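Quantities reported herein were computed from a predicted structural model and do not represent experimental measurements. Hydrogens, waters and symmetry mates play no part in the numbers below; they use all other heavy atoms, side chains included. Protein chains get the first letters and strands the later ones, always in sequence-line order, with residue 1 at the start of each.
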Amino acid sequence: MSLTVHLNISVFPMVLLAVIWVSLRRQPIQTTDNRLFGVLVHATFLLLLLELLSWATDGRSMGGGRTLSWIANLVYFGFLPVVLLSWLNYVYFRQRREFLYTTLSPGKLLGALPLLLYYAALFSSPRTGWIFTVNAQNMYIRGSLFFLPNLLCSFYLLIALVMELRAAWASRSRSERRQNLRFALFVALPILAGVVQSLCSGIWIVLPSTAIAELLTYIYLQRLSIRKDALTGINNRGCLDAYLDSQLSPDARREPLCLFLLDLDHFKQINDSFGHSVGDDALIRAAAILAGSLHNTDAFLARYGGDEFCVAAHCATPEAAERMAGELKRAFTRAAAKPGQPYLLSCSVGYALADADARITPETLIQQADVMLYQDKKVRAGA
Amino acid sequence: MTILTYLQIEFIPFLTLVLTLHLSTAEYMAVRNVRRFRLMVALVMGILVVDAFDWYTVLHPLAFPAALLWCSNILYFLLSEIIAFLWFQYVVHQVCGQSLTPRQQRWLRLSVIPLLITCAVILTSPWNRLIFTIDPLDHSYARGALHAIQTVAGFAYMLLASVIAWLRSRKVTLTEEKKECRFLCRIVILPLLGGLLQIYNYYLVFLWSFTAAAAFLIYMDFQSHWVSVDPLTSLNNRGSLEQYLQAAEREQRLRGWLMMMDIDHFKTINDRFGHIEGDRALRITAQALKSVFGASGAFLSRYGGDEFVVIAEPDDLEAMLRRCEEELARIVREKNLPYELRLSVGCAHCVLEGSSPRNLLQLADQRMYQRKRAAGGCRR
């Protein structure tokens, strides 16, 4: 394939990667996850560029053209593992909150062995021609071990895929599993493209599909963050509204839904006497307490507003709802019983039930829960 | 180039457009203008298909009857004109929005005339042969005398859209709107660059793939916007406030006052009238802040439950805060609300007092509480 064809194929993915990069830089919060993802995007961009350069030097009859072609190809093949390792590192960090190279284990050293062998084969290629050679017309010729780069890529991507699948397997809730399976799918995309490319000659889609996979990952991450409350990490108000709309829409397949509205007691005092940063800390802890007590259920937890939280669960009867409300309150009591608390957290709860066949709007449901919440609050204040 | 390589070239842009079309159905995209955008995306997908077919006919000219070649080329040119027109309409509606006067709307409707003329010329090209011809014998394609007219018309629409976006960016005052206008002004670079490269080298088929990238970028801008916005009030959220402060500190362009505001007795509104009414109070307050501070290039954000942070550079701070109070009182009267809306405000000067964004926020926070306490917990 000529250089023009390669330009046609490579430039578009490069533009896409540049778009992601610009968008990443404008992200409100720069987390380590974001940074590592940025490294991956950069590396892929650079690889596409190096690939173009190696094509630009291919078959040029000029002075020193042969050396140039050798160098361009060596740099390209030498850089290839960087992309894969930065992807692996990103996946690793997202799951274990540490870099791939922070701690070393026998497994990791074993995993690095193929990399060393690959580099040995690559840098001996000028002598042995194992991976590639450049012929007298300055053209790239496959070596006897030409499949090694592909094999190495597949190896590291497969490790990343297995890690994502294992995370999906170990997920605690349905939404978390779905989320992890999505990430696994994005890693599988370039592997799949690699299989197609090695089966059909003349198709060149591995790098473009890598760019697409990164794009999908980025879009998905961003969508997740649109639905997350930045402070507490649980679902935010926008997500709650969307969830209630979908659950209560007339054409949805309906299960009975119970909406719990929770309000932290005396939060204003915590905020006023300890300052906003302690108030923020209290909110984070409250969210963690609630998330902990809803473990292993398919209940939906969101932050409603300042110090109000919302839980939506599929309770069918008032008794079940009452039990759950008690359970939520007890979670706070249990947390308060632990020693070393600067302030005590507790909450008032109100709930409202929507039957499977009831026509009810989210607003009405919230209003009903609200009435009960206010009564509960009055009772608690009286006590 | 073989047809297989050509399909490969178009495959990824096509996939990106499918993705864009799918993503733009998200619930937060429920904007009137989004239909125009989706139509544009669908038409770019269509033109990629027609383009691939045209390439096939160039490689195998005698595989199809001449009439089909006429049709597919006409379709290609028509689509490219309509896409440019839709781009123009999208950008103008996005940057001007509701602020279009009836007279401007009339003018905007008249802007369809060049499109109609070009389309008429394109449609009649089998007879006038001004845009292109297909040789009846060997089915080869040749440009006509006025071939350039369709390129010029297309780019004229896109460039005009950019000029309007640029003019608008000088007029609007709200930081976010300014950003949006500038973005829509610059985005034309992509299709323009693609088109120029394709004119430079016929075999670099960049025009539509770059247009696809631009469409995707527009979607990304939409989505990124929602990352930084509080869904209830559509002010900036706390994350984007922190980013704004960090960036402003780094670039040393933090000026004016940082104001921390808190709605008095908000808890009581929530408790007595319910959370739905509380939400409404928050939205009304955000609206009032927008109408008072929006005109001065201020940065408005919702900090927490009922707290707002405004960074602005008013000539007269006290007058501004008074206007804010009056505006709130006016809305409360107008909507006949059963409660009052008042803000307690604490201010800190960004240049004179701020050693760091964190200190600024803390200082403003302390002052807000002092004022609240001094006034018995209710008045500024």
Side-chain angles (χ1 to χ4, degrees), chain A residues 1-2 4-5 7-9 11-13 15-16 19-20 22-23 26-30 202-205 208-209 211-212 215-216 219 222-223 225-226 230-231 236-239 241-242 245 261 263 267-268 272 275-277 279-280 283 304-308 363 366-367 369-371 373-374 377, chain B residues 1-2 4-6 8-9 11-13 15-16 19 23 26-28 190 201 203-206 209-210 212-213 216-217 220-221 223-224 226-228 230-232 236-244 246 266-267 270-272 274-276 278-279 282 303-307 361-362 365-366 369:
Chain A
M1 282 195 267
S2 69
T4 357
V5 174
L7 272 173
N8 273 322
I9 298 179
V11 169
F12 183 75
V15 172
L16 285 188
V19 169
I20 305 176
V22 170
S23 182
R26 284 164 50 178
Q27 199 94 132
I29 305 151
Q30 293 298 338
I203 287 192
W204 191 81
I205 52 170
S209 68
I212 287 281
L215 188 80
L216 286 168
I219 288 172
Q222 214 177 33
R223 291 201 138 196
S225 83
I226 289 175
L231 184 68
N236 67 9
R237 182 58 199 276
C239 184
D241 289 343
D245 278 341
L261 211 54
D263 192 311
F267 177 72
K268 203 81 185 162
D272 290 1
H276 267 140
S277 55
D280 288 349
L283 289 173
Y304 184 89
D307 59 336
E308 299 104 21
E363 276 82 37
I366 292 173
Q367 264 161 1
D370 224 3
V371 172
L373 172 68
Y374 185 55
K377 189 166 259 200
Chain B
M1 282 199 277
T2 68
L4 185 68
T5 43
Y6 198 79
Q8 256 186 87
I9 292 166
F11 177 65
I12 300 287
L15 208 64
T16 313
L19 192 69
L23 290 169
E27 67 275 4
Y28 50 79
L190 270 176
N201 182 343
Y203 290 101
L204 292 176
V205 277
F206 281 163
S209 59
F210 275 42
F216 178 71
L217 196 58
M220 283 300 272
D221 188 60
Q223 189 174 296
S224 304
W226 280 102
V227 175
S228 62
D230 168 55
L232 188 69
N236 289 293
N237 61 19
R238 191 167 159 170
S240 61
L241 168 72
E242 265 153 27
Q243 190 209 19
Y244 178 84
Q246 272 167 20
F266 180 69
K267 202 76 196 157
N270 258 342
D271 288 346
R272 283 193 45 200
H275 280 94
I276 299 284
D279 288 350
L282 287 172
Y303 188 70
D306 60 333
E307 290 132 4
L361 280 170
Q362 245 162 24
D365 196 31
Q366 278 164 13
Y369 274 106

Could you look at L215(A) and say if it's the side chain, the backbone, both or neither that has a heavy atom under 4.5 Å from chain B? side chain

Name the region of L282(B), side chain, backbone, both or neither, that has any atom closer than 4.5 Å to a heavy atom of chain A. neither

Heavy-atom pair of closest approach, residues P231(B) and G238(A): CG-N, 3.5 Å

What part of Q366(B) gets within 4.5 angstrom of chain A, counting heavy atoms only: side chain, backbone, both, or neither? neither

I'd like to check V15(A) versus L217(B) (side-chain heavy atoms, cut-off strictly below 4.5 Å). Are they in contact? no

Heavy-atom closest contact (A212(B) atom, F12(A) atom, distance): CB-CE1, 4.3 Å

Between CZ of R237(A) and CG of N237(B), what distance do you get to the nearest 0.5 Å? 15.0 Å

Check whether D271(B) reaches the backbone of Y374(A) with its side chain - one donor and one acceptor, N or O, closer than 3.5 Å. no

Working to the nearest 0.5 Å, report the span between OG of S209(B) and CG of L16(A). 9.5 Å

Measure the CD1-OG distance between I226(A) and S224(B) for me, rounded to the nearest 0.5 Å. 8.0 Å

When rounded to the nearest 0.5 angstrom, what distance separates CG in N270(B) from CG in L373(A)? 9.0 Å

Which pair of heavy atoms, one from W204(A) and one from Q8(B), lies closest together, and at what distance? N-OE1, 2.8 Å

Answer key: most heavy-atom pairs under 4.5 Å with chain A among F11(B), F216(B), F266(B), Y244(B) is F216(B)

Bottom line for D241(A): the part with an atom under 4.5 Å from chain B's heavy atoms is neither

Smallest heavy-atom separation, I276(B) atom then D370(A) atom, equals N-OD2, 4.2 Å

Check each atom of L283(A) against the heavy atoms of chain B and say whether the ones under 4.5 Å are side chain, backbone, both or neither. neither

Can you give me the closest heavy-atom contact between S209(A) and I12(B), atom names plus distance? N-CD1, 4.5 Å

Kindly give the heavy-atom pair with the smallest separation between N8(A) and V205(B), and that separation in Å. OD1-N, 2.9 Å

Residue L19(B) versus chain A: region with a heavy atom under 4.5 Å: side chain

Between D230(B), L232(B), D279(B), which residue shows the highest count of heavy-atom pairs closer than 4.5 Å to chain A? D279(B)

Side chain proximity check, V11(A) to F210(B), heavy atoms < 4.5 angstrom: yes

Quick one: does Q223(B)'s side chain have a donor or acceptor within less than 3.5 Å of a partner on I219(A)'s backbone? yes

Measuring only between side-chain heavy atoms, which start at C-beta, is H275(B) closer than 4.5 Å to D263(A)? yes

To the nearest 0.5 Å, atom CG of L7(A) lies from atom CZ of F206(B) at 5.5 Å

Under 4.5 Å from a heavy atom of chain B, the part of Y304(A) involved: side chain

